[in-house]
Amino acid sequence: MQKIGVFVCWCGSNIAATVDVKRVAEALSHENGVVYSTDYQYMCSEAGQNMIKDAIKTYGLTGVVVCSCSPRMHENTFRKACSLAGINPYMVEIANIREQCSWIHKDMVQATAKAIILGKAAIAKVHLNAPLTAGTSPVKKRALVIGGGIAGIQTALDIADAGFEVDIVEKKPTIGGKMSQIDKTFPTLDCAACILTPKMVDVAQNELINIYSYSEVAAVKGFVGNFTVTIKKKARYVKEDVCTGCGVCTEKCPQKKVPNEFNLGMDNRRAIYIPFAQAVPKVATIDPDYCTMLKTGKCGVCSKVCTAKAIDYTQQDELIEREYGAIVVATGFNPIDLKDYDEYAYSQSPDVVTSLEFERITNAAGPTAGKLLRPSDGKHPHTIVFVQCVGSRDTSGCGKPYCSKICCMYTAKHAMLTREKYPDTEVYVFYIDVRTPGKSFDEFYRRAVEEYGVHYIKGMVGKVAPEGDKLMVQASDLIANEQLNIAADMVVLAAAIEPDKSARPLATMLTASMDTNDFFTEAHPKLRPVESPTAGVFLSGACQGPKDIPETVSQASAAASKVIGLLVKDHLTCNPCVAESNELMCNGCSSCEKVCPYGAITYIDKEFRMPDRTTLVRRVASVNPAVCQGCGACTVACPSGAMDLKGFSNKQIMAEVDAICK
Amino acid sequence: MQELMKNRAIELLSAGEVDRVVGWKKGEFAYDCTPAIFTDANDLRDNFVYDDFTAPNLSKYLVAECKKGGKMAVFLKPCDTYSFNQLQKEHRIKRELIHVIGIECNGKADVDKIKARGVDGITGITSEGANFVVETIYGNETMPKYEVMAERCLTCKSKKHMVYDELIGETGDVNPDCGRFDMVAKLEAMTPDERFAFWRGELSRCIRCNACRNVCPACTCEQCVFDNPNSGIQQKVAVTSFEENMFHIIRAYHVAGRCTDCGECSRVCPQSIPLHLLNRKFIKDMNELYGEYQAGEDTTSRAPLTNYNMDDCEPSIVHERGGKA
């Protein structure tokens, strides 16, 4: 029989305002096995913890129930306190009467009754708790960064700077990401390439950083400190270590009509290509969808002109298995597809462009060599309309409900730069709100309005209709309360940004959680913003939410510091709540092995003594406790109930259910 | 057929190729053939039987036989070979000890349906084209097969053997249009109240004899959860009548994804409860949610419920189907 102490926390008024804590403590004091029951304003405080420690000593408690906040908040606090007072930390149970009770109920009578039931369930469980001892597991001192944009680059550089090996997996042929496509950066207007490419070079030159470009993560196994990742290195048909990046092949390739994705399809590249001049690694890649040699076996021009003999048409996709202690997700963002916004005539006129396309048009390495020319006829536009919030803050269901955060600033930048270079151009910006929090951001926006004479109009564009070589823009000016009709030469749409499509399957592989918009969820939105709830998986950049470059870089460094904090440890304490197979009942059917996401279950042939003094060799499951993460999938899959989870046994859970249903 | 099988069994046993033969022998009545383990050629000669009443699936008996060691031969009808594969997949039997003799099957007679026609004193049965000829002490009765064939044979999913070392008779084809889910679809079309009433009507007849569990080739646990005092659902006798329902529903969950739809549960039920419908509901749901899957088709594939694919449906699909699932 356990001697149980019950400690009911007020959490200031968080719990006490909705739950009659005194009544809960009193009611639970009558439960079987409870020898002490009390309440206190802040159980997690030093004084509260001391109350628990004192009660353990005074009443000889063998089990403790704390009715307080979610175990995610303070289970560890109370486990530590109990352990200091001499009882096993796994003899502590938390009844969550805050998140699951006081915060969601308004009626005190109901909430109090529910808090008592939750307390009873925890008491029922403690009766069946057994002391558990945690083991340790080693930490593989290498990190994986998924995504080679500015977020991934910064994280990798910082981790390598601390002396740890880092691999970057980038699905494109080069690292650099979206920042490499951007022309100038707000609010200082320095050239994106000028500040990004030195970092790319640093990555290439760093001995501790290894880039897997044109590669994807194919599978992830293991757990914090011990991930095993399969990386699929796609065939680029060019020997990476032999190619000198001279670029002769990319000039001689006869297949000239391949849409150039770096310039968003606004010009063409060859079937063998280097995405841009400062690409890292500076290695050519053959596009198998367009290469005549790969498709028909006839051509081979690139191979003939390559003096380094780097072309290899027989190259195959390669699977590489590597071990990591930590994984950083830096998969970034993309502008949304504008197919649902045809009122802006994006699909009807080439002169309606997205903001990212506008970046390429204004970039010296872009399709127009940096001259602001209309894609349709190459003429200089004299009236440009910028439309903000295309798909952002859209509750109609066809766009994104969130604010994409970066559009106000880059639109101000585009407007300002247009007026600076081409003062003969009239620039209109239609907005819902202009949002410019950030260092020197509002000053930047005001300069666009006050110094550069950009026409900022509060109101949305209703329709863009191509008419001759003009784009007729119908819009409303909400402040002047009038309808506007503008004959524009170009329309630029600030398309909402969304997480990269590769993020969701990756989240599944990592068992990391995502929100409804496919942004990765943080372990805590305020206090643990760069960690995912999955231990050992960290978040960097726009994969976690819309971010501009300065924010991305600071988050990238923050993620790196968390990774470094993990990798400096030699061992991690394991979770002792692991699965265990009852060999006498195990059938050896392999169901558990199949569902185990960690590969913790193996099968052994074991000799059993039978009642009649004979022996029988039976195939039974065996759990490796250092690998098991206690997810419990096997306990559900086991048809005979031979698999059970320490600390969360079927019996304990049924006892809780019984206590609730009684 | 019976003679071919008997002779082959005697041959294998006499040549010492196998130590035992798993087959059938007559029970008290001509129609209640029971599974039997033969170790002696004379015993085989006198008692081995195979006719239109020998319905029992012999696969499960191999679990116990394999533990004894030695080699054995077994006769498997097409539907039984699915159970065999499933047992092999779950490491419950040792393939290397077993010589599988696949036998042709054209559907078994349901003695209850025959008796319901007022036929009594049955002493034997033979097939004549589309008819069964039932021999009785009062003379022969001829009746159309489709009227007295077992339900599971009328909706036979496959006449093809999934595994065999040798064949007696022919192996046929898989029949995807067997209509075995028609009754499930009817149940799905009912309102929840109608469905509840249907199942209460059926399951409340249960006398908890455990025959369905004991015959089920998917029920081969070392210790059944219903016999395990630590499982929390140990239960020999029902306290309330509703517990019988829970027994069958829990059992259906336990065999979900592993049930090959052999139909033995319904065949042995002394109360004629259509238990196979519970299993078929699971199979139908899995087919619809995760793509066609037939347990026991092979020994290596992963069952939908113990597998994960990127294109697996989200759990919310149940709600999207209007909560019907």
Side-chain angles (χ1 to χ4, degrees), chain A residues 124 128 218-219 501-502 504-509 511 514 516 581-597 601 603-606 608 610 612 614-621 633-644 649-658, chain B residues 60 63-69 85-95 97 213 216-234 250-259 282 295 299-316:
Chain A
L128 300 170
K501 296 285 182 216
S502 65
R504 181 155 278 278
L506 183 68
T508 307
M509 281 190 255
T511 63
M514 287 188 137
T516 49
S581 153
N582 179 346
E583 291 168 340
L584 290 175
M585 279 171 52
C586 175
N587 300 326
C589 74
S590 284
S591 292
C592 55
E593 182 196 26
K594 290 198 176 86
V595 298
C596 179
I601 301 173
Y603 278 83
I604 50 170
D605 285 321
K606 195 164 175 175
F608 288 88
M610 301 305 283
D612 50 357
T614 58
T615 56
L616 180 68
V617 176
R618 277 194 13 235
R619 179 188 142 89
V620 290
C634 54
T635 66
V636 184
C638 179
S640 47
M643 204 48 104
D644 218 344
S649 68
N650 291 335
K651 258 191 158 174
Q652 285 174 302
I653 290 164
M654 288 313 289
E656 286 182 281
V657 174
D658 284 345
Chain B
K60 186 177 181 175
V63 176
E65 289 309 307
C66 281
K67 285 184 182 162
K68 295 180 190 160
N85 270 350
Q86 187 63 26
L87 287 166
Q88 193 192 330
K89 188 192 270 185
E90 293 174 14
H91 306 272
R92 308 299 289 136
I93 54 176
K94 295 193 175 85
R95 182 71 180 91
L97 299 181
R213 178 191 75 180
C216 176
C219 274
T220 59
C221 286
E222 292 291 323
Q223 186 178 34
C224 176
V225 289
F226 293 107
D227 298 338
N228 178 1
N230 284 319
S231 70
I233 52 168
Q234 182 206 24
I250 291 172
R251 219 183 68 76
Y253 268 99
H254 277 213
V255 301
R258 309 190 296 124
C259 168
F282 276 98
T299 57
T300 50
S301 65
R302 294 181 60 148
L305 296 184
T306 53
N307 197 17
Y308 178 73
N309 287 321
M310 284 297 190
D311 51 1
D312 273 1
C313 65
E314 297 288 335
S316 60

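Convention: sequence-line order gives letters A, B, ...; per-chain numbering from 1.
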Assess, by modelled atom type and distance only, whether the side chains of B:Gln86 and B:Glu90 contain a donor and an acceptor separated by less than 3.5 Å.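 Judged by distance alone, the side chains do pair up.
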Any salt bridge (charged side-chain N to carboxylate O under 4.0 Å, His left out) involving residues 216-226 of chain B? Give me the pairs, sequence neighbours left out, ordered by first then second residue. A:Arg618-B:Glu222, B:Lys67-B:Glu222, B:Arg92-B:Glu222
Search all heavy atoms of B:Thr220 against all heavy atoms of B:Val63 and return the closest pair with its distance. CG2-CG2, 4.1 Å
Chain B contacts, top residue of A:Asn650, A:Leu616, A:Asp644, A:Val636 (heavy-atom pairs, under 4.5 Å):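 Of A:Asn650, A:Leu616, A:Asp644, A:Val636, A:Leu616 has the most heavy-atom pairs under 4.5 Å with chain B.
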Can you tell if the side chain of A:Pro597 reaches within under 4.5 Å of the side chain of A:Thr511, non-hydrogen atoms only?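 Counting from C-beta outward, A:Pro597 and A:Thr511 never come under 4.5 Å.
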Relative to chain B, which segment of A:Lys594 carries a heavy atom at a distance below 4.5 Å: side chain, backbone, both, or neither?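 Contact with chain B is through both the backbone and side chain of A:Lys594.
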Would you mind checking which part of A:Cys586 comes under 4.5 Å of any heavy atom in chain B, side chain (CB onward), backbone (N, CA, C, O), both or neither?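 Only the backbone of A:Cys586 comes within 4.5 Å of chain B.
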Interface moiety of B:Asn228 toward chain A, non-hydrogen atoms closer than 4.5 Å: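 The answer is the side chain of B:Asn228.
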Proximal component of B:Tyr308, with respect to chain A [non-hydrogen, under 4.5 Å]: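 The answer is the side chain of B:Tyr308.
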Comparing B:Thr306, B:Asn307, B:Leu87 against chain A, the one with the most heavy-atom pairs below 4.5 Å turns out to be B:Thr306
Quick check on the interface: out of B:Cys221, B:Ala256, B:Ala303, who has the most heavy-atom pairs with chain A under 4.5 Å? B:Cys221
Walk me through whether B:Arg251 and B:Cys216 qualify under side chain to side chain contact (heavy atoms under 4.5 Å, CB included). CA-CA 10 Å; B:Arg251 219 183 68 76; B:Cys216 176; 3.4 Å; yes
Report the residues that fulfil salt bridge (Lys or Arg N to Asp or Glu O under 4.0 Å) with B:Glu65, sequence neighbours left out, ordered by chain and then residue number.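 Only B:Arg20, B:Lys68 meet the salt bridge (Lys or Arg N to Asp or Glu O under 4.0 Å) criterion with B:Glu65.
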